[in-house]
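A short worksheet on the structure shown next.
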Amino acid sequence: MAHDLDVLRELLAARQTEFNDHRYHPSARTLSRDLLLNVQDVATGHVCEVQLTLHGFMAAKENGGHAMYKVLRLVGRLEEWSSTHQGDAGEVGPTQRLCDGGFAAFDVTGSAGSDVIARLAPALSSPRCFLTSLQLNFVGGLGPLAESVLTTPVLTHLAPSLTILDANNCGAGGPLPPGLQVCTRLQRLHLGFNKFEGCFPLWIGDLTDLRILNLERCGLTAHPGVGRPAWIVDGVVSELEPLGRADPGVAREALDAAAPLYRRQPADGGNPRLSGESPCIHRLTTLSLRSNRLSGCIPHTLGNLAHVTHVYLFKNRLTGPLPASLGRCTRLQRFIAVGNQLEGPLPTELRALTAVTEFVMYKNALSGQIPAEIGAMAQLVSVNLNENALSGAVPDSLGELTHLSQLSLSNNALSGSIPASLGRLLCLTELDLHGNRLDGPVPPSLGKLARLTLLDLSDNALTGHLPATLGGLAALDFLYLHKNGFTGLLPASFAALDGLKYLKLRGNAFEGTLPPWLSRTTLWDDVTAARFE
């Protein structure tokens, strides 16, 4: 077999020379064989003649592919040389095979950084090295990636085939490797939990095949822009050089409308080019940029990510409104933007997000009413809008979200009564409405929420008697009713709450004596501090 491979290599080299000199035209020779093999069946003695053409190999070579890998696959060597390696970077055998092009995927997760730098980095530069996947997760102490492992020559060499690059939590620092911008076939890029320096890279928009982008907790900052950051355009890059020099009096809407017409500043420093379509990672399915230092507004061009399913923007410094264009991301399943300074109302266009299951935006500065259109987001499982400045009534349409498991609207300025429609949320396990201005009685329909484990209605202006139906909440662990204006006796049905662990009643005007079943609860001191007359 080794001799056969040598013959094939020599033949490929000869054919490649002819091909480059335009004397070999495989498209015109599809009826002629370039290689003739006689194959004998050992059991029967039958001889078969196999005629091969090298058109496929030459086409792969012409387009920057790796013909030797296709040869290995053709002659079955990939069964002998596993196409995937998972192990330590210090192993000599696998590293040598990597040099010879025997692996398509190389995973050295958890290896020592010194071994990766000493052994793997040189192997990646081998002319025969062919990789579609490289994983360096949890490799300690790699330092500046652009200087240690992912140098520009290495990435340039791997660019024609590399589709997956993972280097999470590998002690990387310095700037993001600039060679990544030539890896235009990348579909997954994970570089989270490192300590990179500098701004979010504008060239990310050139990686048009990206499906998953994870740059969380990297320390990246936004590019300085005109009222909005330069970290996303048509999917990823939003502040463009020609717009950066625009008249500051031009309305932001005009800048946004013009954005798709411009390309980013060329790498050679030349004049920005006007084109019909800017670089766009429109195939992106996951965008994770959490725990960085990104600032400015979320650009409206986020809505151009037609395939995105997961967006994680939490723990940044984002400001401004949530763009209405988010409603165009109709495949979105999870949107989490916790811990920013986002402001303004929730756009009614969110009604189009009928596939979203998690919508989490607590610890922001959102204001205005919760739109009734939220009831159209039929697949919602978790809604958390705690610690904002939302006002107005709790919309009755929330009762349409029959898959909802968590509803948290605490520490806002919501007013009016608790809608009885919430009693239709039979999958609900957590209902948290504390810290608002809600008034009126507790609707008896809440007693239908048999899966509820947490009910927090504290610190409102609720009044009246507690409904006896709450005693049917058999799964309840936490019941917080303190700091309201409740009156009357505690319902006798509460004695059936066998699993109740925490009960807070202080700051009300209950009547009667303490029932004996209260001794089962943990917060006895709080119970005894409640007003019983």
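Quantities reported herein were computed from a predicted structural model and do not represent experimental measurements. These numbers come from the heavy atoms of this one structure, side chains and all, not from hydrogens, waters or symmetry mates.
For the pair Q406/V381, no side-chain contact is recorded, criterion being any heavy-atom separation below 4.5 Å from C-beta on. By the 4.5 Å heavy-atom criterion applied to side chains, L404 and V383 are counted as neighbours. Contact check for T357 versus R334: side-chain heavy atoms found under the 4.5 Å cut-off. Using a 4.5 Å heavy-atom cutoff, the side chains of L98 and L131 are in contact. Side-chain contact check for P177 versus L155: some heavy-atom pair is nearer than 4.5 Å. Proximity of V108 to Q135: side-chain heavy atoms (C-beta onward) are nowhere separated by under 4.5 Å. A heavy-atom distance below 4.5 Å is found between the side chains of L145 and F196.
Tested against L385, the residues L409, L407, V360 include a single side-chain contact (heavy atoms from CB on, under 4.5 Å) partner, L409. Each of D166, L120, T109 was evaluated against L136; a single residue qualifies, L120, per the side-chain contact (heavy atoms from CB on, under 4.5 Å) test. Screening N194, V139, N137 for a side-chain contact (heavy atoms from CB on, under 4.5 Å) with N168, the sole residue that qualifies is N137.
Shown here for P323 and P347, the closest heavy-atom pair between the two residues is O-CG, 4.1 Å. Listed here is the closest heavy atom pair of G320 and C297: CA-SG, 4.1 Å. Here the shortest heavy-atom pairing between F130 and S161 reads CE1-CB, 3.6 Å. Considering all non-hydrogen atoms of both residues, C99 and S126 come closest at O-OG, 2.6 Å. When all heavy atoms of G303 and C329 are compared, the closest pair comes out as CA-SG, 3.8 Å.
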- Message: As a quick check of understanding, evaluate side-chain hydrogen bond (donor to acceptor under 3.5 Å, both in side chains) for N292 and R217, giving each step before the final call.
- Response: CA-CA 5 Å; N292 284 288; R217 298 191 67 176; over 6 Å; no
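Every residue meeting the side chain to side chain donor-acceptor pair (under 3.5 Å) condition with N384, not counting sequence neighbours, appears here in chain and number order: N386.
T286 contributes no side-chain N or O that, together with a main-chain N or O of I212, makes up a donor-acceptor pair within less than 3.5 Å. In this structure, T285 contributes its side chain and T309 its backbone to no donor-acceptor pair below 3.5 Å. Here the side chain of T330 pairs no donor or acceptor atom with the backbone of L353 at under 3.5 angstrom. Side chain of T132 to backbone of L162: no donor-acceptor contact under 3.5 angstrom is found. Of the possible polar contacts, none joining the N169 side chain to the G192 backbone as a donor-acceptor pair under 3.5 Å is found.
Side-chain contact check for R293 and N316: no donor-acceptor pair (N or O, by modelled atom type) lies under 3.5 Å. Side-chain contact annotation: R331 with H307, donor-acceptor N/O pair under 3.5 Å present.
Sorted by first and then second residue, the pairs that involve residues 311-351 and meet ring-ring contact (aromatic ring centres under 6.0 Å, His included), not counting sequence neighbours, are F335-F359.
The line from CE of M377 to CG of L401 is 8.0 Å long, rounded to the nearest 0.5 Å. Put simply, CZ on R188 and CG on N214 are 10.0 Å apart, with the number rounded to the nearest 0.5 Å.
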